Number of protein chains: 2
Amino acid sequence: MDSEEAPLGYDVFRRTCPSHTVLETLASKWVYLTVCALRRGRMRNGALARKLEGITPKMLTQTLRVLERDGLVRREVFPVIPPRVEYELTELGQNLAGLLSQIRSWAEEHAPDIKDARARALADHHDDMAVLP
Amino acid sequence: MDSEEAPLGYDVFRRTCPSHTVLETLASKWVYLTVCALRRGRMRNGALARKLEGITPKMLTQTLRVLERDGLVRREVFPVIPPRVEYELTELGQNLAGLLSQIRSWAEEHAPDIKDARARALADHHDDMAVLP
DNA sequence: CGGCATCCTATGAGATACTG
DNA sequence: CAGTATCTCATAGGATGCCG
């Protein structure tokens, strides 16, 4: 019946399903952007910090640790001074990055549409107000 | 150079870029699941509430309002008693739903991998502890 | 049934300063 | 440079209760 069921009983709609918790971690702005940023190859911490405009050191580290824990990112430390740490996507991570990049492209492509929709929604809302004399 | 740049200067990495705010709203568990749930056709509020296990009435409405505002979901009210309200994806919404469904499938497919990765990370962490006598 | 309006708290996330 | 440690604040999101 359902044309797109999970392989083996996995179901994102069920709170207790592992796939649900996976989705929960993916549903994060910084996870999104970090994975996309790493898509083209390994990057140093500082480079990431610069690419991810507005991210704080704390959030960057936190995000990277989550991705590392989930096996999406590999962390490599070079024992030099000053310290040098590089991050790169694992195979699993690259796999995901492809999909996230599509979302990214979609967001960039349809940003105007959504901006318009929001403006219209706002205008309508003002119309409601305008009904009052 | 960059093989996947935005059509016209849109860039999700820039905080002020409209596409960035779009991504911000997409980066939500409930937005994700709601769009996926509506993928196969229009649904009533109650049906959605049942499908989205664990969602509160408040979050459901809130999520639907955001999606409606952004032009991804259309809301139809039937003036009957008891009330009947249906939601369905707009064309833009369906477009997005295709991509989100891929993420969903990915999450379900690779849930085991990530579960393993997490277990391993946890085990390693315990090893660290074990170093102490 | 659908969905506001409240209230409340757990925590996501920013700013800042410090250390190896 | 990479990362940690605090402190703080906004708010996402849960629990309830009432209304058309």
Side-chain angles (χ1 to χ4, degrees), chain A residues 13 15-16 20-21 23-34 37-38 42-70 73-88 121 124-125 128-129, chain B residues 12-16 20-21 23-35 37-38 42-70 73-88 121 124-125 128:
Chain A
F13 290 108
R15 265 177 326 186
T16 56
H20 184 95
T21 73
L23 201 71
E24 267 178 320
T25 78
L26 293 187
S28 143
K29 178 175 113 179
W30 294 124
V31 164
Y32 240 90
L33 292 175
T34 302
L38 286 173
R42 50 169 51 207
M43 290 179 77
R44 295 186 60 171
N45 187 314
L48 277 169
R50 261 169 275 118
K51 177 94 178 172
L52 305 180
E53 193 181 288
I55 198 171
T56 58
K58 179 186 154 191
M59 280 312 296
L60 178 55
T61 302
Q62 188 174 310
T63 303
L64 286 167
R65 291 285 126 70
V66 167
L67 292 174
E68 194 189 0
R69 181 203 61 182
D70 287 0
V73 160
R74 189 163 25 243
R75 177 168 177 267
E76 188 168 2
V77 183
F78 299 82
V80 296
I81 291 178
R84 175 187 187 90
V85 178
E86 292 188 352
Y87 294 92
E88 66 176 345
D124 289 357
H125 180 254
D128 290 353
M129 301 286 92
Chain B
V12 281
F13 290 108
R14 299 216 158 261
R15 264 177 326 187
T16 55
H20 184 94
T21 73
L23 201 71
E24 266 179 321
T25 78
L26 293 187
S28 144
K29 178 174 110 177
W30 294 125
V31 163
Y32 240 89
L33 291 175
T34 303
V35 170
L38 286 172
R42 50 169 50 208
M43 291 180 78
R44 296 186 58 171
N45 188 313
L48 278 170
R50 261 170 275 118
K51 177 94 177 171
L52 305 180
E53 193 181 289
I55 198 171
T56 58
K58 180 186 157 190
M59 280 312 295
L60 179 55
T61 302
Q62 188 175 310
T63 303
L64 287 167
R65 290 294 175 285
V66 167
L67 291 175
E68 195 189 358
R69 181 203 61 182
D70 287 1
V73 160
R74 190 164 24 244
R75 177 168 177 266
E76 188 168 3
V77 183
F78 298 82
V80 296
I81 292 178
R84 175 188 186 89
V85 178
E86 291 186 355
Y87 294 92
E88 67 175 345
D124 290 357
H125 180 254
D128 290 353

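Each chain gets a letter, A, B and so on, in the order its sequence line appears, and its residues count up from 1. All values derive from a computational prediction rather than experimental measurement.
Atom OG1 in B:Thr21 sits 13.5 Å away from atom CZ in B:Arg15 (nearest 0.5 Å). Here B:Arg65 contributes atom CZ and B:Asp70 contributes atom CG; the two are 13.5 Å apart, rounded to the nearest 0.5 Å.
Between A:Arg65 and D:dT4, a side-chain N or O to OP1/OP2 separation shorter than 4.0 Å is present. Neither OP1 nor OP2 of D:dA2 sits under 4.0 Å from any side-chain N or O of A:Arg84. The phosphate of C:dG2 (OP1 or OP2) has a side-chain N or O of B:Arg44 nearer than 4.0 angstrom. Note on A:Arg75: every side-chain N or O is 4.0 Å or more away from OP1 and OP2 of D:dA2.
B:Ile55 has its CD1 atom 14 Å from the C1' atom of C:dG2, to the nearest Å. Atom pair A:Met43:CE and D:dA2:P shows a separation of 11 Å (rounding to whole Å applied). Summarising the geometry, the separation between CE on B:Met59 and P on D:dA15 is reported as 12 Å, rounded to the nearest angstrom. Rounded to whole Å, atom P of D:dT11 lies 22 Å from atom CH2 of B:Trp30. One interatomic measurement links the two molecules: CD of A:Gln62 to P of D:dG3, which rounds to 14 Å at whole-angstrom precision. Regarding A:Leu48, its CG atom lies at a distance of 12 Å from the C1' atom of D:dA2, rounded to whole Å. Put simply, CD on A:Glu24 is 12 Å from P on C:dT11, counting in whole angstrom units. We find that NZ of B:Lys29 is positioned 11 Å from C1' of D:dG14, with the value rounded to whole Å.
Heavy-atom distances to DNA chain D give each of B:Ser28 and A:Val85 a nearest nucleotide, and the one nearer the 5′ end belongs to A:Val85. Between A:Pro82 and B:Thr56, the residue anchored closer to the 5' end of DNA chain D is A:Pro82, taking for each the nucleotide with the nearest heavy atom.
Nucleic acid contact class of A:Phe78 (heavy atoms, under 4.0 Å, all strands): none. If you check every strand for non-hydrogen atoms under 4.0 Å, B:Pro57 touches nothing.
Residues A:Lys51 and A:Glu53 are not paired through a salt bridge, judged by the lack of any N-O separation under 4.0 Å between the basic side chain and the carboxylate.
More than 12 heavy atoms of other residues, nucleotides or ligands shown are found within 6.0 angstrom of CZ on A:Arg75.
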Check your understanding: Taking it one step at a time, do B:Glu86 and B:Arg42 satisfy salt bridge (Lys or Arg N to Asp or Glu O under 4.0 Å)?
Key -> CA-CA 6 Å; B:Glu86 291 186 355; B:Arg42 50 169 50 208; 2.4 Å; yes
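For B:Lys58 against C:dG3, a side-chain-to-base donor-acceptor contact under 3.5 Å is absent.
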